[in-house]
2 protein chains.
Amino acid sequence: MALDLGPLDSHMGYLLRRAQLAVFADILPSLAEHDVSPADYAVLTVIDRNPGAGQSQVAETLGIQKTNFVPLIRRMEARGLVLRTPSARDRRSVALTLTDEGSALLGRLHAAAQAHIDRVRGHLGAAQYDALLEPLQRLASVSRPS
Amino acid sequence: MALDLGPLDSHMGYLLRRAQLAVFADILPSLAEHDVSPADYAVLTVIDRNPGAGQSQVAETLGIQKTNFVPLIRRMEARGLVLRTPSARDRRSVALTLTDEGSALLGRLHAAAQAHIDRVRGHLGAAQYDALLEPLQRLASVSRPS
DNA sequence: GTTTTTGGTTATTGAGGATAACTATTTTCC
DNA sequence: GGAAAATAGTTATCCTCAATAACCAAAAAC
């Protein structure tokens, strides 16, 4: 049924894409239950760890363009997960913080993510899983002017 | 500038996504010079290795839905890269083969891909690069009923 | 104090992937 | 042999992402 992939089966980009899709497919349903996308989850996590950070900082940290970040963060504000308070020292920027509801949701999301991680870790073996993390971090900086 | 990622910085899904985007960003311009997307490149490669295969087989092998595969393969046919010949034994299916022009282009694409692989391999170190391949293949089957 | 840069916004576009519904052929199976 | 189910391909449509351009207000640079 499955055809020969030729050189693709050892092509880093191709393997990364397939692996990423498979891993995302595993966590997606758990997040969707809470009506949250992977990007949403990442944004909540970063705001939680950096309360008061500005929109552009959060967006840039996650590799999201500020222009695409606007509707995303607005939806979260509308859902009551995030507070957007005008910054005192810089009247252009808005400081982002989680509401109590946002914090509570994030807690549930972390639990779901942990179950997902346990599955993937089990599939791969803990040692191999851990060994993967550092090289993947390094790969993320290919093509970036380091 | 960059904020704290919290648990994301060791989250497999997040790292895979960032790594995949970075690696794709590295090869994208080379492919774009030939007006070819990563998906196009994968399709040409698979047809080359499996001449005469049907559309759905190629699509399924690459994880592309047959419905989205139609415009893609039609564009390649229109460009004179691919031949779509009605199969003799199954009059529903079309057999895919590369034209000489498709073969020639694929040769140039493989060369560009090799240069890209060398870059990534250099960035990571050959040993670490090679060590990544197998676990990534395994990851691709998470969430699939093995 | 003018110029430049930065934080945020709007509007718009294009690519990728997903669903539904359909035709024509082949296969299954009673 | 013939009805029913499965398969190969197609069209049309939709939705989510990511990217571009143009803009305002405020701050920083010079």
Side-chain angles (χ1 to χ4, degrees), chain A residues 1-3 13-14 16-18 20-22 24-25 28-29 31-32 35-43 47 50 52-78 82-96, chain B residues 1-3 13-14 17-18 20-22 24-25 28-29 31-32 35-43 47 50 52-78 82-96 143:
Chain A
M1 187 99 255
L3 302 177
Y14 179 76
L16 283 171
R17 177 174 166 269
R18 295 304 293 256
Q20 189 246 311
L21 289 177
F24 267 49
L28 221 66
L31 295 180
D35 197 29
V36 156
S37 72
D40 293 336
Y41 173 50
V43 167
I47 295 175
N50 309 271
Q55 269 185 219
S56 293
Q57 283 179 82
V58 173
E60 190 195 339
T61 299
L62 291 172
I64 305 173
Q65 285 181 258
K66 61 181 183 177
T67 157
N68 294 326
F69 193 73
V70 174
L72 188 158
I73 199 68
R74 283 284 172 80
R75 225 179 300 127
M76 293 194 156
E77 185 190 25
V82 163
L83 228 58
R84 299 176 65 248
T85 56
S87 164
R89 60 194 63 211
D90 186 337
R91 281 184 302 177
R92 290 169 301 178
S93 82
V94 285
L96 302 177
Chain B
M1 186 99 254
L3 302 176
Y14 179 76
R17 176 173 168 272
R18 296 304 294 257
Q20 189 246 310
L21 289 178
F24 267 49
L28 221 66
L31 295 179
D35 198 27
V36 157
S37 72
D40 291 336
Y41 173 51
V43 167
I47 296 177
N50 308 270
Q55 268 185 221
S56 294
Q57 284 178 82
V58 174
E60 189 194 337
T61 298
L62 292 173
I64 304 173
Q65 285 180 260
K66 60 180 182 177
T67 157
N68 295 325
F69 193 72
V70 175
L72 187 158
I73 199 68
R74 284 284 174 79
R75 225 177 302 127
M76 293 194 155
E77 187 191 24
V82 163
L83 229 57
R84 298 176 65 248
T85 57
S87 163
R89 59 195 62 212
D90 187 338
R91 281 184 304 177
R92 292 169 301 180
S93 80
V94 287
L96 302 177
S143 90

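Note on naming: letters A, B, ... go to the chains in the order of the sequence lines (proteins, then strands), and numbering restarts at 1 for each one.
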Practice prompt. Measure distances between side-chain N and O atoms of T67(B) and base N and O atoms of dT11(D), and say whether any donor-acceptor pair falls under 3.5 Å.
Written response: yes

Worksheet, complete the sentence: Comparing G63(B) with P71(A), nearest DNA chain C nucleotide closer to 5' gives the residue P71(A)

Practice prompt. In whole angstrom, give the distance that lies between atom CG of L21(A) and atom C1' of dT16(D).
Written response: 15 Å

Worksheet entry | Touch class at under 4.0 angstrom, heavy-atom based, for R17(A) against every strand present | sugar-phosphate

Practice prompt. For L62(B) and dG16(C), give me the distance from atom CG to atom C1', rounded to whole Å.
Written response: 15 Å

Worksheet item: Is a donor on one side and an acceptor on the other found under 3.5 Å between the side chain of S93(B) and the backbone of G54(B)?
Response: no

Practice prompt. Could you check which of dA25(D), dT9(C), dG9(D) has an atom nearest any side-chain atom of R74(A)?
Written response: dT9(C)

Worksheet item: What is the nucleic acid contact for D90(B), judged by heavy atoms within less than 4.0 Å: base, sugar-phosphate only, or nothing?
Response: sugar-phosphate

Worksheet entry | R89(A) side-chain N/O to dG7(C) phosphate OP1/OP2 under 4.0 Å | no

Fill in: Phosphate contact (dT10(D) OP1 or OP2) by Q55(B) side-chain N/O below 4.0 Å
yes

Practice prompt. Taking only the side-chain nitrogens and oxygens of R75(A), find out if one of them lies under 4.0 Å from OP1 or OP2 of dT16(D).
Written response: no

Item to complete: Specify the separation, in whole Å, of atom CG of L31(A) and atom P of dT16(D).
Response: 16 Å

Worksheet item: Quick one: does R91(B) reach the base of dT25(C) with a side-chain donor-acceptor pair under 3.5 Å?
Response: no

Worksheet item: Quick one: E60(A) CD to dG7(C) C1', roughly how many Å, whole number?
Response: 12 Å

